[in-house]
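Below: the structure, in structure tokens.
Count residues from 1 along the sequence.
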Amino acid sequence: MLISLVILGVSVAVLTLGAELFVRGASTLALRAGVSPLFVGLTVVGFGTSSPELGASMSATLSGNAGISIGNVIGSNIFNIAFILGLTAMIRPIRIAFSAVRRDLFVALAICVIPLIGFWTVGAVTRPLGVGCLLLLAVYLTAAYFKDRAAQQEVQTRAEAEVVSSLLTETPRTMTMGSFLFQLFLGLMGLVLLIFGARYFVTSATDLALSLGVSELIIGLTIVAVGTSLPELVTSIVAAWRGNADVAVGNVIGSNIFNILAILGGCAIVGPQPIGWEAAYVGVPLMILFSVALIPFVRSGGVLSRREGAVLFAGYLLYMLLIVLRAAPEG
């Protein structure tokens with residue numbers, strides 16, 4: 001078990017580094033190609049911070065451990081809202097206009113029912129439902145691009161542009177061929193690290209589940225979900241310390257949308273994602289509950305206060321306690 005824990009820790013570091021390199025390289029290349037900073041923020045940055053989840057879930061699906069894949073998506077979404085936003089608000093209250101995140105927040109809430117649709121129909125998120133998820137993602141990104149393009153002065157737009165700008169070291173106009181090749185190398189290196197990191201991360205997590213006698217779903221909801229959400233956690237905490245805590249809201253909501261539509265949908269195309277009763281009646285309802293709880297917090301004067309952040313954070317600790325108690329009899 002000790003070896004599995006060591007491999008797990010190293011794999012998390014490799015995944016996080018891979019995501020960082022991938023986002024930096026891909027963002028610069030996209031801007032070099034003439035893509036707007038806003039669209040890069042909506043696609044490359046949003047996808048990049050969720051790439052560890054994608055790598056882990058895809059690797060789990062290919063290795064026949066769909067429980068880890070499903071648990072990773074559900075657990076990551078819960079961790080993003082309750083732990084990351086809760087902790088960020090406790091560090092510094094998050095001020096953001098509800099109108100700036102209303103669309104994305106309700107989209108993130110609505111798509112939470114997708115795993116339940118799979119459970120109620122055939123007991124799994126199948127390939128047709130996965131294709132539907134990717135089509136919804138394409139519609140969402142298209143709508144978001146044109147809406148935000150017409151509202152360049154909105155808070156969310158400025159925040160996304162700042163996130164992209166902070167990832168870049170050169171502007172597209174001043175980039176030399178040598179710099180272009182270097183950014184291409186960074187992107188490819190990040191992708192390689194993501195692939196290998198995800199492979200060993202899932203392998204060690206599976207071995208850990210077997211040694212502890214708990215289900216793959218439990219490991220996915222806890223260890224894998226927390227490990228793959230480190231990029232979002234680091235981004236949000238750094239933003240809070242720099243006085244840009246509102247960036248955390250867009251980062252978390254965007255990541256949650258990608259987790260369900262891109263990751264769950266993409267993995268379902270590769271292989272069916274079975275939804276058991278534990279995921280359908282415990283994991284998904286808790287994911288919906290935390291998403292709904294965020295609405296009144298964000299609407300309360302346009303501020304997610306320290307007290308409200310503490311409520312979310314305490315809710316996550318309670319959730320983890322319930323998971324541990326649920327897993328204890330199996331140990």
| task | Apply side-chain contact (heavy atoms from CB on, under 4.5 Å) to Ala279 and list each qualifying residue two or more places apart in sequence or on a separate chain. | result | Ile70, Ile74, Leu217, Ile275
| Any chain of hydrophobic side-chain contacts (each under 4.5 Å) joining Met90 to Leu304? | yes
| Ala89 and Ser305: which non-hydrogen atoms are nearest, and at how many Å? | CB-O, 3.6 Å
| Do Glu278 and Ile218 pass the side chain to side chain contact (heavy atoms under 4.5 Å, CB included) test, and can you show the C-alpha distance, the side-chain angles, and the key distance before you say yes or no? | CA-CA 10 Å; Glu278 195 168 18; Ile218 296 297; 3.8 Å; yes
| task | Would you kindly confirm whether Leu135 and Tyr140 end up in one hydrophobic cluster when ILVMFWY residues are joined by side chain heavy atoms under 4.5 Å apart? | result | no
| Hey, what do you get for CD1 (Ile78) to CG (Leu221), rounding to the nearest 0.5 Å? | 6.5 Å
| remark: One should read off an interatomic distance between Leu318 CG and Leu321 CG, to the nearest 0.5 angstrom, of 6.0 Å
| task | Check whether any side-chain heavy atom of Ser57 lies under 4.5 Å from a side-chain heavy atom of Val73, and answer yes or no. | result | yes
| field | Where Tyr319 and Gly75 come nearest, the two heavy atoms and their spacing | value | OH-CA, 4.2 Å
| field | Leu312 vs Leu294, side chain to side chain contact (heavy atoms under 4.5 Å, CB included): CA-CA, chis, key distance, verdict | value | CA-CA 8 Å; Leu312 288 174; Leu294 193 60; 4.2 Å; yes
| query | Given side chains that start at C-beta, do those of Leu137 and Phe258 come closer than 4.5 Å, heavy atoms only? | reply | yes
| task | Please check if Val131 and Val125 belong to a single hydrophobic cluster, counting links between Ile, Leu, Val, Met, Phe, Trp and Tyr side chain heavy atoms closer than 4.5 Å. | result | no
| request: Find out if a path of hydrophobic residues (ILVMFWY) with successive side-chain heavy-atom gaps under 4.5 Å connects Val113 to Val122. | output: no
Counting only pairs under 3.5 Å, give me each side-chain donor-acceptor contact of residues 259-273, with atom names and distances, residues two or more places apart or in other chains.
from: Asn259; atom 1: ND2; to: Asn77; atom 2: OD1; distance (Å): 2.7
from: Asn259; atom 1: ND2; to: Ser255; atom 2: O; distance (Å): 3.4
from: Gln273; atom 1: OE1; to: Ser69; atom 2: OG; distance (Å): 2.8
from: Gln273; atom 1: NE2; to: Thr61; atom 2: OG1; distance (Å): 3.2
from: Gln273; atom 1: NE2; to: Cys267; atom 2: O; distance (Å): 3.4
from: Gln273; atom 1: NE2; to: Gly271; atom 2: O; distance (Å): 2.9

| message | Going by the rule side-chain contact (heavy atoms from CB on, under 4.5 Å), which residues pair with Met320 if we only count those two or more places apart in sequence or in a different chain? | response | Thr222, Tyr316
| Can you tell me how far CZ of Phe119 sits from OH of Tyr281, rounded to the nearest 0.5 angstrom? | 4.0 Å
| query | Does Leu116 share a hydrophobic cluster with Val282, counting links as ILVMFWY side-chain heavy atoms below 4.5 Å and allowing steps through other members? | reply | yes
| task | Using the six-membered ring wherever Trp is involved, compare the ring planes of Phe83 and Phe313 and label them parallel, tilted or perpendicular (cut-offs 30° and 60°). | result | tilted
| request: Answer yes or no: is there a donor N or O on one side and an acceptor on the other, between the side chain of Ser63 and the main chain of Ala60, under 3.5 Å? | output: yes
| Are side-chain heavy atoms of Asn80 and Leu85 found at a separation under 4.5 Å? | no
| field | CZ-CZ distance between Arg306 and Arg92, expressed to the nearest 0.5 angstrom | value | 8.0 Å
| field | Test item: Ser59 side-chain N/O and Ala56 main-chain N/O as donor-acceptor pair under 3.5 Å | value | no
